[in-house]
Every structure is written in C-alpha cells, then in structure tokens.
**Student:** 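Below is one structure. I have some questions about it.
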Amino acid sequence: MNRLTATGNYIYTYAYTNDEEALCQLEMRSFFGKDTSKRIIKSGVAIDPSRSPFIKERIELYFEGDTLQDILEKSAGVDMADATFKVIFLKINGLSELDQVDYLGKRDVERQIGSAITGEADVHDPDVTFGLIPFEGRWYFGRYLQSEPIWFKHMKKPREYSTALSTRVARAVANIAVPQPEGVKAIDPCCGIGTVLVEALSMGIDIVGRDINPLVVDGSRENIAHFGLTGKVALGPIAEVEDKYDVAIIDMPYNLYTHATPADQLAILKDAHPFSEKLLVVTIEKMDHMIEEAGFVVTDRCVAKKGLFLREILVCQKAG
C-alpha cells in the first residue's frame with residue numbers, strides 16, 4: 001500500500017439501546033475524555049473496536065476534505081498495486097441531516113472512490129477495506145475495521161448467577177476501570193462468578209480476582225478456564241489483600257449468597273483504600289457518603305439500566 005499515511009485520528013461508530021446510553025457514554029469518557037449523544041465520535045485515541053460492547057466500527061483516518069470531490073481527488077493518488085481493496089460507505093444513524101446520504105447515493109460514492117484508486121477491487125474478500133463517512137460537514141477516508149463481538153462468546157458460562165452483571169455491562173465496566181491497560185495492575189476483590197474477570201482477561205488486562213465465598217471462587221476459576229484464559233482467583237476477604245494495585249473493581253455484594261450490610265459495604269471500601277489508587281464501584285444503593293468516609297472521591301458516574309433494575313457505576317479516586 002503506497003502513499004497512505006495515517007493522520008493519528010480515528011472515527012468510531014456506535015450501537016446501543018436507550019437503556020445502555022449512559023453506560024456507553026461513561027465508557028466513551030474513559031476512552032476519549034469526552035462523550036456524545038450521537039452514535040459517532042472522532043478522537044486521536046486508538047482503541048481496538050472489539051474491546052467495547054458498543055463500538056461497531058473504526059476508521060483510521062488517512063485524509064479528509066470539505067467535499068466528496070476532495071476525497072475523490074486524493075483517492076486518485078492511492079496505489080493498491082500490492083493488495084486488493086474494497087470501499088465501504090459507513091451506515092450510521094447518528095449523522096445530522098446534512099451528512100445523510102441515501103442507499104443508492106452511497107453505492108455510487110463507493111464506485112467512484114473505488115474507480116479512483118489504482119489497483120484491483122474485491123468486494124467479497126479484500127486484503128484491505130477502506131471506510132468513508134461524512135461527519136460534521138467534512139468527509140473522511142481511512143482504513144476500516146469492524147468490531148468483533150468477542151463478549152458474545154462469553155454469555156454462556158458453565159457457572160452462572162442470575163444476579164451477576166450482564167456480559168456487556170461487565171465488559172464496559174472493565175473498560176471504564178482500565179481504559180489503557182499497559183502497565184496497569186487491577187484487582188476484582190469481590191469477583192463473584194468472575195464475569196468482569198473473564199471480560200478483562202480477554203482484553204489483555206492484568207487483573208486478579210478474589211472472593212470470600214469458596215463456591216464462587218471455584219465457579220470463577222472454572223469460567224476463566226472454560227474460555228481458555230489464564231487468571232488467578234484467590235480465596236479470602238478483601239482485608240487480607242497485600243499487594244498494591246492501580247485500580248480495584250468492586251461489584252458490591254448484595255445477593256443471597258454474599259449479602260453485605262451497610263457496615264460490611266463500608267468496610268469493603270475502607271479495606272480497598274490501602275492497596276488501590278482508583279476504584280470502580282458497582283452498586284444498587286447510594287453510597288457516596290461511604291465512599292467519602294473510606295477516603296475516596298467520585299470523579300464520574302452513570303446509571304446502568306436493565307428494565308426497571310438500576311445499577312450505579314461510580315469511578316472514584318483516592319482523596320488528596
């Protein structure tokens with residue numbers, strides 16, 4: 001592939017339900033430092049689209065222009081002599097009326113761009129797929145990458161609890177807690193059946209698990225092994241954690257197997273203070289006062305909905 005240089009910017013498209021919007025936006029803020037109510041966002045941050053349960057596609061931008069003609073002229077300089085290619089005009093519902101193009105118009109644009117590029121087009125099995133999209137009054141062109149729903153494979157676990165986080169929520173929680181995994185050590189000290197652990201480990205996040213309940217520790221280990229992943233899950237209370245971690249993910253125990261009183265919940269938060277700089281707390285109850293008493297401050301938050309059932313996701317940092 002010749003004469004193509006990445007600009008260092010990316011466009012991501014999204015798909016989510018109304019119930020998932022707030023959680024998706026919190027994940028956006030964790031990844032990109034900003035969010036949008038549109039289903040499309042532009043950023044200089046590179047994220048593998050398969051990490052997110054909400055990202056559909058990513059374009060790694062090569063060039064842009066004020067008009068389609070600008071893109072056509074720049075495409076004429078693309079030489080694909082060494083690889084077959086395909087051009088896709090992205091389908092996205094979040095575009096403004098100004099940016100919307102009908103089906104026939106999109107196919108025509110794809111043909112025009114394909115004809116401008118030097119090389120052999122292959123619509124069925126190309127070596128390289130290019131993406132094109134109008135956004136906020138400009139046109140963008142680049143390398144196209146579609147998200148793979150890896151999380152979908154994790155929905156059927158050998159060991160499950162009805163009160164566990166859904167796979168999609170668990171994956172988003174892991175991303176919010178550890179948006180950039182390199183060099184980050186994480187722990188899930190109340191890991192339950194290991195839903196968050198499976199998602200985090202599948203994304204290459206350095207995370208260990210722990211739980212006070214031997215039954216769920218065994219279940220968590222079984223679930224991790226079932227998907228061919230490797231991760232440590234220790235048996236014991238959070239108070240016995242000795243190592244230091246950059247972030248702790250705490251899904252507050254509330255079900256019949258591991259019921260926690262308010263005093264227990266406060267103790268969990270206080271016990272996390274010595275070993276973690278950052279907390280990601282999942283709770284069905286308001287606990288800002290507990291988080292403050294434990295020595296943390298809430299820096300971001302959202303409500304994750306599932307019908308009438310609400311969970312609050314709190315991003316917290318050690319105070320001071």
Side-chain angles (χ1 to χ4, degrees), residues 26-27 29-31 33 45 47-48 51 165 169-214 216-221 223-225 229-254 258 260 262-283 287-301 312-320:
L26 180 54
E27 186 193 72
R29 293 194 295 275
S30 301
F31 280 152
V45 178
I47 297 293
D48 179 349
R51 281 190 61 185
L165 296 176
V169 171
R171 197 167 184 88
V173 161
N175 284 330
I176 293 161
V178 190
Q180 298 292 343
E182 188 174 352
V184 175
K185 286 182 62 179
I187 184 172
D188 184 345
C190 306
C191 69
I193 209 67
T195 309
V196 171
L197 290 177
V198 166
E199 296 312 309
L201 290 169
S202 74
M203 293 186 283
I205 293 172
D206 180 5
I207 190 170
V208 296
R210 188 181 190 89
D211 204 283
I212 200 169
N213 184 331
V216 298
V217 166
D218 287 344
S220 184
R221 291 169 178 168
N223 284 338
I224 290 169
L229 301 168
T230 302
K232 295 181 180 179
V233 184
L235 173 65
I238 186 173
E240 294 178 3
V241 174
E242 296 179 348
D243 293 340
K244 300 288 186 181
Y245 295 91
D246 299 293
V247 59
I249 301 171
I250 300 177
D251 184 6
M252 276 295 173
Y254 66 91
T258 52
D264 294 332
Q265 292 173 334
L266 178 58
I268 288 171
L269 294 170
K270 284 185 172 181
D271 287 337
H273 190 271
F275 66 76
S276 185
E277 294 295 317
K278 176 181 175 183
L279 287 186
L280 191 294
V281 179
V282 183
T283 174
M287 54 176 52
D288 289 50
H289 60 292
M290 291 188 190
I291 287 167
E292 184 178 342
E293 189 174 342
F296 293 92
V297 292
V298 178
T299 58
D300 208 345
R301 68 201 307 155
E312 193 161 27
I313 315 292
L314 305 173
V315 183
C316 313
Q317 290 285 349
K318 192 176 284 187

**Student:** Can you check side-chain contact (heavy atoms from CB on, under 4.5 Å) on Arg301 and Val315, steps first, answer last?
**Tutor:** CA-CA 6 Å; Arg301 68 201 307 155; Val315 183; over 6 Å; no
**Student:** For the residue pair Lys270 and Glu293, establish whether any side-chain heavy-atom pair is separated by less than 4.5 Å.
**Tutor:**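 They are in contact (side-chain heavy atoms under 4.5 Å apart), so the answer is yes.
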**Student:** Give a yes or no answer on whether the side chain of Asn223 reaches the backbone of Thr195 with a donor-acceptor pair at less than 3.5 Å.
**Tutor:**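 Not a single qualifying donor-acceptor pair exists.
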**Student:** So do the side chains of Met252 and Ile250 get within less than 4.5 Å of each other, counting heavy atoms only?
**Tutor:**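 Result yes, sub-4.5 Å side-chain heavy-atom pair found.
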**Student:** With sequence neighbours left out, what residues match Arg171 under side-chain hydrogen bond (donor to acceptor under 3.5 Å, both in side chains)?
**Tutor:**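 For Arg171, the residues satisfying side-chain hydrogen bond (donor to acceptor under 3.5 Å, both in side chains) (neighbours in sequence not counted) are Glu199, Ser202.
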**Student:** On a heavy-atom basis, which atom in Met203 and which in Ala174 lie closest, and how many Å separate them?
**Tutor:**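 Scanning both residues completely, I find the closest heavy atoms to be CE-CB, 3.8 Å.
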**Student:** Val281 vs Leu269, test: side-chain contact (heavy atoms from CB on, under 4.5 Å). Steps then yes/no.
**Tutor:** CA-CA 9 Å; Val281 179; Leu269 294 170; 4.1 Å; yes
**Student:** Report the C-alpha separation of Ile291 and Val297 in whole Å, then their side-chain angles, then the decisive distance to 0.1 Å, and conclude whether the side-chain contact (heavy atoms from CB on, under 4.5 Å) test is met.
**Tutor:** CA-CA 7 Å; Ile291 287 167; Val297 292; over 6 Å; no
**Student:** Nearest heavy-atom pair of Asp211 and Cys191: which atoms, and what distance?
**Tutor:**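 So the two residues come closest at OD2-N, 3.4 Å.
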**Student:** Within the 4.5 Å heavy-atom criterion, are Ile207 and Ile249 side-chain neighbours or not?
**Tutor:**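 Yes, at least one pair of side-chain atoms sits under 4.5 Å.
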**Student:** Does Asp246 use its side chain to pair, donor to acceptor, with the backbone of Lys185 at less than 3.5 Å?
**Tutor:**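 Here the side-chain-to-backbone pair exists.
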**Student:** Run the salt-bridge test on Asp188 and Arg210 with the 4.0 Å N-O cut-off and return the result as yes or no.
**Tutor:**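 A salt bridge is absent here (no side-chain N lies under 4.0 Å from a carboxylate O).
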**Student:** Keeping the roles fixed (side chain from Lys278, backbone from Ala177), state whether a donor-acceptor pair exists under 3.5 Å.
**Tutor:**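 Side chain of Lys278 to backbone of Ala177: a pair is present.
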**Student:** Heavy-atom distance under 4.5 Å between the side chains of Ile176 and Ser30, does that happen here?
**Tutor:**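 Yes - at least one pair of side-chain heavy atoms lies under 4.5 Å apart.
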**Student:** What heavy-atom pair brings Gly204 and Pro181 nearest, and what distance separates the two atoms?
**Tutor:**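 The answer is O-CB, 4.4 Å.
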**Student:** Within the side chain of Asn175, is there an N or O that forms a donor-acceptor pair under 3.5 Å with the backbone of Arg51?
**Tutor:**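 Yes, because the side chain of Asn175 sits within donor-acceptor range (under 3.5 Å) of the backbone of Arg51.
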**Student:** Would you indicate whether the side-chain heavy atoms of Val184 and Ile205 approach each other to under 4.5 Å?
**Tutor:**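 Contact flag for Ile205/Val184 side chains = no.
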**Student:** Could you go step by step and tell me if Leu280 and Leu314 meet the side-chain contact (heavy atoms from CB on, under 4.5 Å) rule?
**Tutor:** CA-CA 6 Å; Leu280 191 294; Leu314 305 173; over 6 Å; no
**Student:** Would you say the side-chain atoms of Arg221 pair up with the backbone N or O of Val233, donor to acceptor, closer than 3.5 Å?
**Tutor:**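 Yes; at least one donor-acceptor contact below 3.5 Å.
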**Student:** Would you mind reporting whether Leu279 and Val247 have side-chain heavy atoms less than 4.5 Å apart?
**Tutor:**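 The answer is no, as the side chains (C-beta and beyond) never meet within the 4.5 Å cut-off.
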**Student:** Within the 4.5 Å heavy-atom criterion, are Phe296 and Gln317 side-chain neighbours or not?
**Tutor:**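 Phe296 vs Gln317: side chains apart.
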**Student:** Would you mind reporting whether Leu201 and Thr230 have side-chain heavy atoms less than 4.5 Å apart?
**Tutor:**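 They are not in contact (no side-chain heavy atoms under 4.5 Å apart), so the answer is no.
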**Student:** Using a 3.5 Å distance criterion without hydrogens, assess whether the side chain of Lys244 forms a donor-acceptor pair with backbone atoms of Pro274.
**Tutor:**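 The answer is yes, because a donor-acceptor pair under 3.5 Å joins these two groups.
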**Student:** Taking all non-hydrogen atoms of both residues into account, name the closest pair between Asp243 and Phe275 and its distance.
**Tutor:**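 For Asp243 and Phe275, the tightest heavy-atom pair comes out as O-CB, 3.2 Å.
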**Student:** Locate the shortest heavy-atom distance separating Leu197 from Ser220; write the atom from each residue and the value.
**Tutor:**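 For Leu197 versus Ser220, the nearest heavy atoms are CD1-OG, 3.5 Å.
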**Student:** Report the distance from atom CG of Asp264 to atom SG of Cys190, rounding to the nearest 0.5 Å.
**Tutor:**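 Taking CG in Asp264 and SG in Cys190, the distance rounds to 10.5 Å.
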